[in-house]
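Below, read A as the first sequence line, B as the second, and so on, with proteins coming before strands; counting in each chain starts at 1.
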Amino acid sequence: GIQVEQSPPDLILQEGANSTLRCNFSDSVNNLQWFHQNPWGQLINLFYIPSGTKQNGRLSATTVATERYSLLYISSSQTTDSGVYFCAVINRDQAGTALIFGKGTTLSVSS
Amino acid sequence: DGGITQSPKYLFRKEGQNVTLSCEQNLNHDAMYWYRQDPGQGLRLIYYSQIVNDFQKGDIAEGYSVSREKKESFPLTVTSAQKNPTAFYLCASRGGGGYSNQPQHFGDGTRLSIL
């Protein structure tokens, strides 16, 4: 099945710094989502982005489907950005089925 | 408010006991999913259902059972056959038809522990 790899596994930042999280996937996809899991376990939808670029406040994401990767940018990071960021995809040949998750990037932002 | 409600938030299971986790959605979504998350790991699929009265096994279905009698409800039973049930369980739903690729939305999860 499709493989999803996220990097880096861990990231430590000072408040105000910028960061880039990467998601590589091994096959064509028609669904890619980025999530933020907060310390209480809630999984928050950040972006639905199977291709192209989107922005939402200090966060933006880009997916280059032809090269099989997606990037999540966090600018001017805040302590509330701490948590685990997951990338999840659905293989193009398995439309409508479940998401395949990477292992996540754990972000710690200190003041 | 529209959303996905999971209950209870915390659940404890005794040895040999079956327990049922509830997932209800009022988003009028066709598809619903159950995922399991172990510490430091991503989510893995247990079961999913694209339509009422139909469901498919995921990668780790052994020791679990589901039903989909109503569109808005997709309960998960953790049976005594599941030898390592301690985990965080997340339910999700997705709009559109059976093969839609609309985004999935998640409930707040249930933490299950063994007594």
Other residues, nucleotides, ligands: >12 heavy atoms within 6.0 Å of Q78(A) CD: yes

Greater than 12 external heavy atoms within 6.0 Å of I12(A)'s CD1: no

Option in L99(A), I44(A), N45(A), V84(A) with maximal non-hydrogen atom pairs under 4.5 Å from chain B: L99(A)

Student check: side-chain heavy atoms of Q42(A) and L90(B) closer than 4.5 Å: no

Close contacts, residues 100-111 of chain A versus chain B, judged by heavy atoms under 4.5 Å: F101(A), G102(A), K103(A)

Any pair counted as salt bridge (charged side-chain N to carboxylate O under 4.0 Å, His left out), so long as it reaches residues 72-84 of chain B, sequence neighbours left out: none

For the student: nearest non-hydrogen atoms of F86(A) and G42(B), plus distance: CE2-CA, 3.6 Å

E15(A) CD: over 12 foreign heavy atoms closer than 6.0 Å: yes

hydrophobic_cluster_shared for V64(A) and L21(A), side chain cutoff 4.5 Å: no

Region of R44(B) that comes under 4.5 Å of a non-hydrogen atom in chain A: neither

Chain A contact via L43(B) - side chain, backbone, both or neither, heavy atoms under 4.5 Å: both

Distance (rounded to the nearest 0.5 Å) between H105(B) NE2 and F35(A) CZ: 8.5 Å

Heavy-atom closest contact (P103(B) atom, Y48(A) atom, distance): CB-CD1, 3.8 Å

Residue Q102(B) versus chain A: region with a heavy atom under 4.5 Å: backbone

Cluster check Y48(B), F88(B): I/L/V/M/F/W/Y, side chain < 4.5 angstrom: yes

Over all atoms of both residues, closest heavy-atom pair of A98(A) and L45(B): CB-CD2, 3.3 Å

Cluster overlap Y47(B) with L43(A), hydrophobic side-chain contacts below 4.5 Å: no

Cluster check L71(A), L13(A): I/L/V/M/F/W/Y, side chain < 4.5 angstrom: no

Contacting moiety of Q37(A), where chain B heavy atoms sit under 4.5 Å: side chain

Shared hydrophobic cluster, F47(A) / Y73(A) (ILVMFWY, side-chain heavy atoms < 4.5 Å): no

